[in-house]
Student: 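The structure is given below, and queries will be raised subsequently.
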Amino acid sequence: MPATRALVPLVLLMALQVLVCSGACVEVDSGTEAVANLGFKLGCISCKMRGEVKATASVTWFFQASDDDVSSELYTYAEREGKVMDPRFYGRLHWNGSKNTEDLQDGSIYILNVTFNDTGTYQCNFRRMLIYSNSKYETNPNKTITLKVVPRVTRGMASIMSEVMMYVSIIGLQLWLLVEMIYCYRKISAAGEEALRESALGKNWRRDGFSLAPSSSSSSPPSS
Ligand SMILES: *[C@@H]1O[C@H](CO)[C@@H](O)[C@H](O)[C@H]1NC(C)=O
Ligand SMILES: *[C@@H]1O[C@H](CO)[C@@H](O)[C@H](O)[C@H]1NC(C)=O
Ligand SMILES: *[C@@H]1O[C@H](CO)[C@@H](O)[C@H](O)[C@H]1NC(C)=O
């Protein structure tokens, strides 16, 4: 039946929505290009392979600036508390990861005000303890993000100029059109007045090349 067939995609869509809403874990890669003076989310998601297994996790971030020789501890999040370790980032990092749980799968952090000095390599280390009924098992998934900082989206001079030119030409064209219309209108009305005057004087209005009068004989050339 067509009705049932139409229902299938709907049900699939709903199932997908439930999956997303229930927080099914998807490992989305982090962005790698931050804009200076804006905020930026360093994404780091590590899904448990088996969602039903109990676990606890902590996250440690490391940072190596582009002119640093080694990477150093940047931020740790454990037992629902985050701590900025790198003085260069004091007051500038917020936790953007899993909330209200120790079973972290999202270890993202947020840089409040990116500077060019934040360019470099970030590493996010999960330390996850999987808790089975009679054993524990530790895993250490990690992700590396190479961050590039770009200036605030400044539109090039060329782009601004071309937009200005666009407006200038649009306005210019309309003004030209207006002037042309006024000119034509005046010319037509002047010609019309002249024709009226001439016919009032008893002359043949057909002599006027610019005829506004009924055109019973206007196809004949004006006789002089
Ligand atoms: C970000 O930092 C820059 C320079 O350090 C400063 O001028 C700017 O006001 C800061 N912006 C915010 C939103 O804190
Ligand atoms: C991440 O944290 C920042 C700063 O606290 C906040 O403005 C932003 O909405 C958070 N984003 C997400 C996706 O949680
Ligand atoms: C970036 O680093 C340089 C040199 O390390 C320092 O002089 C400058 O103040 C730093 N800029 C910011 C915005 O932190």
Side-chain angles (χ1 to χ4, degrees), residues 12-131 139-157 160:
L12 277 178
L13 200 72
M14 279 161 71
L16 190 73
Q17 209 157 10
V18 167
L19 213 71
V20 171
C21 288
S22 65
C25 185
V26 179
E27 298 199 0
V28 184
D29 280 340
S30 175
T32 58
E33 198 171 277
V35 179
N37 295 328
L38 298 184
F40 183 78
K41 179 176 172 175
L42 283 161
C44 177
I45 298 173
S46 159
C47 298
K48 282 192 298 189
M49 288 306 163
R50 293 171 57 191
E52 75 283 3
V53 177
K54 272 194 185 148
T56 61
S58 61
V59 174
T60 307
W61 280 87
F62 294 87
F63 172 54
Q64 181 173 1
S66 45
D67 51 0
D68 283 350
D69 300 325
V70 290
S71 74
S72 55
E73 248 186 319
L74 171 67
Y75 186 92
T76 62
Y77 190 91
E79 291 166 356
R80 305 184 190 201
E81 248 176 72
K83 194 165 177 229
V84 183
M85 314 296 281
D86 188 327
R88 291 173 287 188
F89 288 85
Y90 280 166
R92 291 205 295 134
L93 290 183
H94 278 188
W95 178 248
N96 256 179
S98 310
K99 289 177 183 77
N100 304 321
T101 176
E102 281 181 44
D103 184 3
L104 309 174
Q105 295 194 86
D106 186 348
S108 306
I109 54 175
Y110 190 84
I111 309 177
L112 285 178
N113 190 353
V114 174
T115 76
F116 286 100
N117 292 359
D118 300 343
T119 306
T121 305
Y122 294 79
Q123 196 181 45
C124 148
N125 278 12
F126 271 84
R127 200 181 140 119
R128 173 172 294 136
M129 188 69 80
L130 294 161
I131 303 159
T139 60
N140 290 94
N142 64 66
K143 312 241 164 189
T144 303
I145 300 158
T146 305
L147 187 71
K148 197 176 134 199
V149 178
V150 297
R152 191 188 277 271
V153 195
T154 49
R155 290 169 55 211
M157 207 56 204
I160 294 172

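Atoms within a ligand are numbered from 1 in the order they appear, just like the ligands themselves. What you see is a predicted model, and the numbers here were worked out from it, not measured in a lab.
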Student: Would you check the N or O atoms of Asn117, main chain and side chain alike, for any that come under 3.5 Å of an N or O of ligand 3?
Tutor: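 N/O-N/O distance under 3.5 Å: yes.
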Student: Excluding sequence neighbours, so at least two apart, what forms side chain to side chain contact (heavy atoms under 4.5 Å, CB included) with Ala36?
Tutor: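 Residues passing side chain to side chain contact (heavy atoms under 4.5 Å, CB included) with Ala36: Phe116, Val149.
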Student: Using modelled atom types only, decide if a donor and an acceptor are shared between the side chain of Ser108 and the backbone of Cys44 within a distance under 3.5 Å.
Tutor: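 Such a contact is found between Ser108 side chain and Cys44 backbone.
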Student: Would a distance-only check, ignoring hydrogens and angles, find a side-chain to backbone donor-acceptor pair under 3.5 Å from Gln105 to Ile45?
Tutor: no
Student: Can you tell me which residues line ligand 2 if we count any heavy atom under 4.0 angstrom from one of its atoms, in chain and number order?
Tutor: Lys41, His94, Asn96, Tyr110
Student: Do any side-chain atoms of residues 51-64 form donor-acceptor pairs under 3.5 angstrom with protein atoms, and if so which ones, sequence neighbours left out?
Tutor:
residue: Glu52; atom: OE2; partner: Arg50; partner atom: NE; Å: 3.1
residue: Glu52; atom: OE2; partner: Arg50; partner atom: NH2; Å: 3.4
residue: Trp61; atom: NE1; partner: Gly107; partner atom: O; Å: 2.8
residue: Gln64; atom: NE2; partner: Asp68; partner atom: O; Å: 3.2
residue: Gln64; atom: NE2; partner: Asp69; partner atom: O; Å: 3.0

Student: Would you say the side chains of Asp103 and Thr101 form a donor-acceptor pair under 3.5 Å?
Tutor: no
Student: Tabulate below the donor-acceptor pairs under 3.5 Å that side-chain atoms of residues 72-82 make, not counting sequence neighbours, or state none.
Tutor:
none

